[in-house]
Structure formats: structure tokens, C-alpha cells
Peer 1: 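Would you mind keeping the following structure in view while I ask a few things?
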Amino acid sequence: MVIIFILIVVIAVIFTSLAICAAIHQDEDDIFDPSSFTVIQNFRGSFQMPNQVFTEELTTNSSNKSQTLATELGAKLSDLYKTSSALGRYFINAEIRAFRNGSVIADYKLTFHMPEEEKDPLRNFTLSREMVYNVFRQFLYDQESESDPMFIDPASLKMVLGN
Ligand SMILES: *[C@@H]1O[C@H](CO)[C@@H](O)[C@H](O)[C@H]1NC(C)=O
Ligand SMILES: *[C@@H]1O[C@H](CO)[C@@H](O)[C@H](O)[C@H]1NC(C)=O
Ligand SMILES: *[C@@H]1O[C@H](CO)[C@@H](O)[C@H](O)[C@H]1NC(C)=O
Ligand SMILES: *[C@@H]1O[C@H](CO)[C@@H](O)[C@H](O)[C@H]1NC(C)=O
């Protein structure tokens, strides 16, 4: 009887501590306050879309073709960084800035923000050019079809830290 009671207590203690650990872990992951993210980090670069045909229209911001393509690409880049478990919370915006001839080359800008007190380690690791670049490149290697009009050539991806 005593042994069974002790066993039950031990099991109860184990489950309680597991539950507490899970709750604490979840809190650390979920609670962050974006209003404290005051430091901005930008990246700029370009990529090539070999299945798009370049026309003069693409160099005019106000044209339908340029706006449609820019909106679609901007959404694609935003989705890819928003859903990244490492980078999602720091991501603000992806912007397509221009199109150039070569089938079509798109110039983009990415904006991230981070808390002042964590800026040094974040800049060295999570928000380093290598990390932000690799998340993008992995996404490009995962594209399903090379014949899709929206296909982006992974080998063409360029990125630098910039403002
Ligand atoms: C784009 O570049 C190609 C190859 O250099 C050229 O043949 C074509 O005329 C250019 N297109 C435009 C719209 O400038
Ligand atoms: C832009 O596209 C919309 C809808 O596709 C169309 O109604 C409009 O006439 C187009 N405008 C130009 C300048 O081509
Ligand atoms: C075109 O877009 C660029 C980059 O966003 C901007 O600097 C420029 O003012 C825009 N030009 C026009 C005519 O809207
Ligand atoms: C970040 O990198 C710089 C230069 O490589 C180094 O001096 C600094 O100590 C690093 N900081 C952290 C927090 O890793």
C-alpha cells in the first residue's frame, strides 16, 4: 500500500514538472514585445527570373505589369521570412525596388528589426547576412518547377548588408 502510494506521488511529481517545463518553454518562445525592437537591419540584393520576358513596361513603376510582378514577389519574400522560425519575429518588410533586363533581374530590399540589448549577438548570428541569405537560398532550392513563370534562379541570388 505504502509502495503504491509512493509510486503515485513520484509519477504525479514527474508529470507536474514536465507540464511546468513545457509551459515555461512555451512562454520563452512566444512572449516578445515588438515595440522594443528599435534597431533596424536592412539587406539588399537581386535575383534573376529566367522565365520572365523583360519589357520597357517593367522599368515603369506605375505600369500594371511592374506593379503586379512586384506585389507578387514582395508577398513571396514576406511569406518566406514571416514563416521562418528563426527570423519571423524580426522581419518587417520585403520590397521589390526595380526590374532590370537580363531575362528579368529584380532588385529587392529586406527590413528587419531587433531589440537594442540583443543587437550584437543577433547581428553576428541570427540576423547575419549568412543566415538571412541561407534562408532565402533554401527556399529557392525548394521551388517545385523550373519552368514556372515565377521561378527564381537560386544561383543568381545576391545579398549584401545595406541601408
Ligand atoms: C534586353 O536584353 C536583351 C539582350 O541583351 C536585348 O536583346 C533586349 O533588346 C533587351 N530588352 C529591352 C526591352 O531592352
Ligand atoms: C491594369 O489592369 C487592370 C485589371 O487587370 C485593367 O483594368 C487596367 O485597364 C490596366 N491598366 C493599364 C494601364 O493597362
Ligand atoms: C519607383 O520606385 C522607386 C523605388 O521604390 C522609387 O524610388 C521611385 O520614386 C519610384 N518612381 C516613381 C515614378 O514612382
Ligand atoms: C560579434 O562579432 C564581432 C566581430 O566579429 C565581435 O567583435 C563581437 O564580440 C561579436 N559579438 C558577439 C556578442 O558575439
Side-chain angles (χ1 to χ4, degrees), residues 21 24-78 80-163:
C21 280
I24 289 172
H25 186 72
Q26 196 175 20
D27 283 352
E28 277 176 0
D29 253 18
D30 288 352
I31 293 183
F32 64 97
D33 174 14
S35 69
S36 70
F37 288 14
T38 53
V39 179
I40 298 291
Q41 176 111 310
N42 293 310
F43 297 89
R44 288 167 181 277
S46 65
F47 53 78
Q48 199 170 0
M49 305 181 76
N51 304 332
Q52 293 281 332
V53 177
F54 182 78
T55 58
E56 281 300 328
E57 217 193 335
L58 278 176
T59 60
T60 316
N61 290 12
S62 54
S63 76
N64 260 3
K65 199 178 168 204
S66 127
Q67 282 185 359
T68 308
L69 191 56
T71 305
E72 198 168 334
L73 286 171
K76 198 171 181 163
L77 267 56
S78 291
L80 113 81
Y81 282 109
K82 270 185 203 155
T83 57
S84 158
S85 53
L87 298 175
R89 70 176 58 176
Y90 305 112
F91 177 76
I92 301 183
N93 183 42
E95 184 191 344
I96 302 299
R97 303 188 50 89
F99 294 108
R100 293 182 274 137
N101 193 356
S103 304
V104 168
I105 296 172
D107 294 321
Y108 66 86
K109 178 182 175 185
L110 306 172
T111 304
F112 294 86
H113 61 171
M114 59 190 143
E116 170 74 32
E117 62 275 18
E118 285 174 53
K119 71 177 195 299
D120 290 335
L122 282 172
R123 278 177 176 158
N124 282 11
F125 303 110
T126 311
L127 287 173
S128 64
R129 184 256 174 205
E130 282 65 33
M131 179 76 137
V132 175
Y133 181 84
N134 284 329
V135 167
F136 201 158
R137 195 173 51 173
Q138 188 56 51
F139 172 83
L140 296 183
Y141 279 124
D142 291 344
Q143 289 173 109
E144 273 166 20
S145 163
E146 285 194 24
S147 53
D148 189 298
M150 293 303 286
F151 176 76
I152 296 172
D153 177 9
S156 71
L157 182 64
K158 294 192 172 73
M159 186 184 290
V160 294
L161 194 62
N163 281 301

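For ligands, and for the atoms within them, numbers begin at 1 and follow the listed sequence. Being a predicted model, the structure only gives us computed values, none of them experimental.
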Peer 1: Using a 4.0 Å cut-off to any heavy atom of P121, which atoms of ligand 4 qualify?
Peer 2: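 Answer for ligand 4: 13 (C).
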Peer 1: Show your reasoning for whether side chain to side chain donor-acceptor pair (under 3.5 Å) applies to E130 and N134.
Peer 2: CA-CA 6 Å; E130 282 65 33; N134 284 329; over 6 Å; no
Peer 1: Hey, can you tell me if F37 and Y90 have their rings parallel, tilted or perpendicular (30° and 60° cut-offs)?
Peer 2: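 F37 vs Y90 ring planes: parallel.
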Peer 1: Mind telling me whether F91 and F112 have parallel, tilted or perpendicular rings, with 30° and 60° as the class edges?
Peer 2: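 Perpendicular, since the angle between the ring planes exceeds 60°.
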Peer 1: In the protein, what heavy atom is nearest to atom 2 (O) of ligand 1, and what distance, to one decimal place, separates them?
Peer 2: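 Heavy-atom neighbour on the protein nearest atom 2 (O) of ligand 1: N101 ND2, 2.2 Å.
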Peer 1: What do you think, any protein heavy atom under 4.0 angstrom from atom 9 (O) of ligand 4?
Peer 2: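 No, there is no protein heavy atom closer to it than 4.0 Å.
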Peer 1: Answer yes if a protein heavy atom lies under 4.0 Å from atom 13 (C) of ligand 4, otherwise answer no.
Peer 2: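 Protein heavy atoms within 4.0 Å of atom 13 (C) of ligand 4 - there is at least one.
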Peer 1: So which heavy atom in the protein is nearest atom 11 (N) of ligand 4, and how far is it from that ligand atom?
Peer 2: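 Nearest neighbour among protein heavy atoms for atom 11 (N) of ligand 4, to 0.1 Å: N124 ND2, 2.9 Å.
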Peer 1: Give a yes or no on whether atom 5 (O) of ligand 4 lies under 4.0 Å from any heavy atom of the protein.
Peer 2: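 No, there is none.
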Peer 1: Can you confirm if the aromatic rings of Y108 and F43 lie within a centre distance of less than 6.0 Å?
Peer 2: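 F43 vs Y108: aromatic centres not under 6.0 Å.
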Peer 1: Hey, what do you get for OG (S46) to CD1 (I152), rounding to the nearest 0.5 Å?
Peer 2: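 Here the rounded value is 11.0 Å.
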